[in-house]
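Encoded as structure tokens, the structure appears first; notes follow it.
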Amino acid sequence: MTSPRTRPWPVDLEGLGYGGDYNPEQWPVQTQLEDVELMQQAGVNIVSVGIFSWAMLEPREGEYDFDWLDAVLDRLHAAGIRVALATATASPPPWLTRYHPEILPELADGTVLGQGGRQAYSVSSPVFRDYALRMTRTMAERYADHPALALWHVDNELGCHVPHDFSQDAAVAFRRWLEARYGTVEALNAAWGTAFWSQRYDTFDEVLPPRTAPTYANPTQQLDFARYSSDELLTHYRALRDVLREVTPQVPTTTNLMASTGTKWMDYFSWADDLDVVANDHYTRAHDPAAHIELAFSADLTRGIAGGDPWILMEHSTSAVNWQPRNRTKAPGEMLRHSLSHVARGADSVMFFQWRQSAAGAEKFHSAMLPHAGTDTDVWRNTLTLGQALKALAPVRGSRVQADVAILFDYPAWWGTELDSHPSQDVTYVDQVTAWYRQLWHRGVTADIVSPREDLSSYRLVIVPTLYLVTDDGAARVAAAAAAGATVLVTYFSGIVDEHDRVRLGGYPGAFRELLGVRTEEFYALQAGERLTLDDGATADLWSEKTHLVGAEAMSTYTDGLLAGWPAVTRHAVGTGHAWYVGTRLDEVGASRLADTLLLESGVQPVVDAVPEGVEVVRRRGGEVGGGADASFLFVLNHTPEEAVVTARGVDLLTGTAADGEVRVAPHGVAVVQES
Ligand code: GLA
């Protein structure tokens, strides 16, 4: 289990949160009145307001129009609906970029990103920061005592469209960040290896963001720029948050993250301590036939970021989105199942983008809780059904998910793995991580997705997929887990470099060599389509290594190619545990067999015996509202077209039906059994 930071969902709602982004400024007052009535019908108890309202609230510099927002908040309050109020700073109004074009962000090739979409600001611009702080203070002071105010929502999806800014302001801020990190330019030169290619810097003033260059930019410069960029977005959050804390110390603050397999550039593990509650936005991908597994990964990652605490699902979609090449409408039952999968994995609130589907603007074809076609629709009926379900699940609030398996996940390792000029461009980080996640998902085994900065001592199985970059501390935590009795799996191209992207000399996998009892002398990256066979009948592709055994035993060896006879998979006894190394990408047969072996060796069990294929089973325990510390909730989400039968004893909170030894879940249906 990850270490609790005791950061429960801080809003004084009775049960789980339910609602979405609410953008009333797009509608006449008559429609806004109807909104509140329909929200009450649906059981909505919290909405996010004002995210993109700056231009409506401050139509001209220094001239404010708050009347409409006052009325909205009063109306919501009268209806008993709480508000996550935004700082309204997510998109600067046109007058601001007109008078201060210097706040616009720049791409690596010098392209300046213009006004007309959203998020057209450089996060490092002191001018923009001043305006954003002023708007934040104005909002905070105006609504400090408003009884609807439950939570502050800072900006929106920080870094979503502009994770990296290469502008002049960014160059200045990057240099400041580097000076704080290295102290002297000599230390920077040593860390970046600037003796190579005549890159030595004489002063920090010579250093630039890694703008488009004739060939590969210095890899450590790229890595540090990624770190700086994530830190700079967090710095912006902190600056706004500090104003909110000063004016309204009693109100919790957050911002919506985008933790998923698709968001690479924000190191959310390092953001978590600054959020009073972790909030996440998640959207499934139309082209992914296993989108529900990617969703589960995102939810488990969000829980990992939250240190195991309950978190808020701040946005997802009731049906299709508008920003994918071909946007998929959700099938019957899918919206409820997806929502409850987030809840099963720790969400104490389910919210959407957005309440009412827009009639105009870039997102008019994005689904909402209330669609263009009105209330006589599948989408609206789904909105009502989910509202009822969440009400019935009130006892779940505050309960926690427990896992015996940790999968290590690290943003700097992701950035490092995918730097240019590597042995193979085909080694992509998330694919390695999710391959092992899927093995567990299909077996009904819950995993925590945790940072190498976490203590791993409570896990029985620790999976370390392609952790190219690892600090000494991170490697030591993995080794300590094995020494204390865990089974550890490390996969190829791990432990290669330190935090400065400097190779750990003496043979690969550098930082894990001793733990694994192996020494690789050379990589043999495979060509597209090239496949090797192993002596246990599995095959492998993508990658192979010439690995010597230094204490480990070979569990399988290559039977063909240049490495015939050399180990592919090894196992090393360490303390009371074992450390396995997989020096290649195993096919499904090999990976599946290895997953079974690791679970058996570590004694890790699925959530219930015999989880049917395609059925998701997760347990939350404890809670603030229901049965207290002993309460236990079994979520069963049936993603298949067949009825699912799962062992359970208790009462299904959604139907009130007793489960006397088993629960039967309809095709594509859900059950949440409060276990007795
Ligand atoms: C993000 C944003 C929302 C909206 C949705 C669309 O989550 O925060 O404003 O654009 O995407 O999916």
Side-chain angles (χ1 to χ4, degrees), residues 17 19-27 46-56 83-92 116-121 123 151-163 233 236-237 240 254-266 268 271 275 278-288 291 294-295 298-299 301-302 311-330 334-335 338-339 342 347 349-372 379:
D21 285 12
Y22 180 38
N23 299 301
E25 64 267 45
Q26 297 172 17
W27 300 96
I46 182 160
V47 289
S48 307
V49 180
I51 297 175
F52 296 104
S53 302
W54 193 345
M56 300 292 265
V83 171
L85 189 59
T87 51
T89 52
S91 208
R118 64 175 176 186
Q119 218 172 68
Y121 63 79
V123 79
L151 179 67
W152 283 112
H153 176 114
V154 172
D155 201 282
N156 189 63
E157 290 191 344
L158 284 157
C160 170
H161 304 299
V162 192
L233 291 160
H236 186 64
Y237 167 83
L240 273 52
T254 193
T255 187
N256 44 347
L257 312 182
M258 300 169 282
S260 78
T261 56
T263 300
K264 177 175 178 181
W265 294 116
M266 278 67 74
Y268 289 141
W271 290 31
L275 309 173
V278 170
N280 200 46
D281 296 351
H282 182 264
Y283 294 93
T284 50
R285 304 281 164 156
H287 60 77
D288 181 0
E294 196 279 332
L295 181 159
S298 156
L301 171 59
T302 307
W311 48 279
I312 307 177
L313 178 64
M314 191 66 115
E315 286 181 29
H316 70 151
S317 67
T318 57
S319 192
V321 299
N322 66 304
W323 44 263
Q324 297 178 15
R326 285 159 294 277
N327 299 290
R328 205 171 66 76
T329 301
K330 288 196 175 167
E334 195 174 345
M335 189 271 242
H338 284 186
S339 298
H342 285 290
S349 137
V350 175
M351 298 168 77
F352 291 90
F353 177 82
Q354 60 176 328
W355 162 251
R356 185 186 280 271
Q357 189 169 14
S358 298
E363 295 187 314
K364 58 184 171 295
F365 295 117
H366 192 297
S367 61
M369 297 170 81
L370 178 58
H372 287 156
V379 167

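Numbers here are sequence positions counted from 1. Computed from a predicted model, the values in this text were never measured in an experiment. Just follow the structure's listing: the first ligand is 1, and inside any ligand the first atom is 1.
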Around ligand 1, what residues show up once you keep those with a heavy atom under 4.0 Å from it?
Phe52, Arg118, Asn156, Glu157, Asp281, Tyr283, Glu315, Trp323, Phe353, Glu363, His366
Any side-chain to backbone donor/acceptor pair from His372 onto Ser358? Under 3.5 Å, distance only.
yes
Would the distance check show the side chain of Gln354 and the main-chain N or O of Arg356 forming a donor-acceptor pair, the cut-off being under 3.5 Å?
yes
So that I know where these two stand, are Phe352 and His316 an aromatic pair - ring centroids less than 6.0 Å apart?
yes
Counting C-beta onward and ignoring hydrogens, is there a side-chain heavy-atom pair between His282 and Glu294 closer than 4.5 Å?
yes
Return yes if some donor-acceptor pair links the side-chain N/O of Glu315 with the main-chain N/O of Met351 below 3.5 Å, else return no.
no
If we check side chain to side chain contact (heavy atoms under 4.5 Å, CB included) with Trp311, which of these qualifies: Thr254, Thr302, Leu257, Leu275?
Thr302
